Protein chains: 2
Amino acid sequence: MNLFFCENIPVNPPLPFAAQLDEEESRHATKVMRLQPAEVIRITDGRGFHYQGMIIDTKGKKLEIRLTDRLPIFDFSRPRLHLAISPLKNPDRVEWLIEKATEAGIYKISFIQTHRTEKPRVNVDRLKRIAIAALKQSMGAWLPPIGAPMKFLDFLKQSKESEKFIAWCEGEHPLFWDTLSGDKDAVVLIGPEGDFTSDEVKEAKDWGFHPINLGVHRLRSETAGMVSIFAFQIKCGNL
Amino acid sequence: MNLFFCENIPVNPPLPFAAQLDEEESRHATKVMRLQPAEVIRITDGRGFHYQGMIIDTKGKKLEIRLTDRLPIFDFSRPRLHLAISPLKNPDRVEWLIEKATEAGIYKISFIQTHRTEKPRVNVDRLKRIAIAALKQSMGAWLPPIGAPMKFLDFLKQSKESEKFIAWCEGEHPLFWDTLSGDKDAVVLIGPEGDFTSDEVKEAKDWGFHPINLGVHRLRSETAGMVSIFAFQIKCGNL
């Protein structure tokens, strides 16, 4: 079964509801999959739900559909993980992380500009497209918001999660797995290739973050991101 | 600190021991890092150990070194994971998996040709080079052997691990995490893009494999491989 993404469905629409796929999704439906009027498709709003929909009209650039049923998919009762990572020198590695994080059901992804961040920007639009493709491929329903990079300290100040962690290779810290409760929302900070500075870790502690380690292996930043996502999802029973 | 890889160190050499880096590693040491005689470097044999070594001569194509100390790094007392996965249509995804699996400390990787495998071959030499780079980058000591693809049934017949699992999206199976003991060597089979057939799963069961699932998300094959490696390493306390 294929899944289409449609961003402009209201939060809880009266059904049946008339909607339009965007041009890219419409082209895929009509040119690649050659779908015809009256065919039934599955759509996600990226906000936790799938919809059953029927194709009404394929003539315009935007496919007209009628949503008939709403299926709750994303489990909002489970704890959610927010990953905040430095942009990396190699954008491929960030893109790969976004794909895998979306597949694994991450709740939110942010970028933090740290002292050792070498390349402070990311292409948020491109990352969003990668997340949408991963969401569709994995039949998911939650498109993680991807924030534009923000300054490390600004990020610390506005973090509201119940459990706050900063992964740091230097020094002795408890294992992430042992520290996680598994029943609360959490945020994890992952540094750039050269890791956080000790000043940054001190600042993070001042704002309630706990230093953790991710095991005996020296992991690349994007791998550290993945390990923390998978560990969180396993602890919460999502994987 | 940089780590060099040297394949031709005997299993337990008398120290000090005279060794040579291969041409690629030698070029990296002399041209990129501009190392000089008498400098001290760290070397791994990829079989569980690091060595401290001194550079003796940089003139030839193969750097002459003298190994002076041997450091056990890989913990052979811990349970080990063997991952067997179908080759995938997109070789990038296999290469990515090899990199991440090596970083995360996988013990062995095999390729299995299944009914729905579309592209039955992999470039084992290239994958080995990727694993070596990942090993060096992560300061590891165990280079996972990468087997040439073999027929699914032949693989089943020769599996000797204490715990044997086959990941299968169809039907209801226990979660991998709940099934793993965490104190025994294990093998996990991951299918191609179209998954295993029910006949293959039946065959695997006949050979002592237990069907498991990897959670609520529909994962790509290489992501499923990563989730099983990370889950195993977390369960065994390695991550």
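Remember, predicted model here, so these are calculated numbers, not experimental data.
Among A/Gly215, A/Gly105, A/Ser138, the residue with the largest count of heavy-atom pairs under 4.5 Å with chain B is A/Ser138. Of the listed residues (A/Met139, A/Glu99, A/Arg220), the one with the most heavy-atom contacts under 4.5 Å to chain B is A/Arg220. With respect to chain B, the highest number of heavy-atom pairs below 4.5 Å among A/Leu219, A/Ile73, A/Thr223 belongs to A/Thr223.
Rounding to the nearest 0.5 Å gives a distance of 13.5 Å between CD of B/Gln233 and CH2 of A/Trp177. To the nearest 0.5 Å, atom CD of residue A/Gln137 and atom CD of residue B/Glu193 are 9.5 Å apart. In this structure, CG in B/Asp92 is found 13.5 Å from CH2 in A/Trp96, a value given to the nearest 0.5 Å. A distance of 11.5 Å separates CD1 of B/Ile229 from CE of A/Met226, quoted to the nearest 0.5 Å.
Of the atoms belonging to B/Arg78, not a single heavy atom falls under 4.5 Å from chain A. For a residue to count as touching a neighbouring chain, one of its non-hydrogen atoms must lie under 4.5 Å from one of that chain's; by this rule A/Ala104 touches chain B with the backbone only.
Side chain of A/Glu103 to main chain of B/His217: no donor-acceptor pair is present (N/O by atom type, distance under 3.5 Å, no hydrogens or angles).
For the residue pair B/Ile234 and A/Ile234, the shortest heavy atom distance occurs at CD1-CD1, 4.4 Å.
Annotation: A/Arg126, atom CZ; neighbour count of heavy atoms from other residues, nucleotides and ligands within 6.0 Å does not exceed 12. The number of heavy atoms from other shown groups lying within 6.0 Å of CZ (B/Arg116) is above 12. The environment of B/Glu39 atom CD is dense: over 12 non-hydrogen atoms of other residues, nucleotides or ligands sit within 6.0 angstrom.
A/Val216 is not listed as a side-chain neighbour of B/Phe74, based on a closest heavy-atom distance of 4.5 Å or more.
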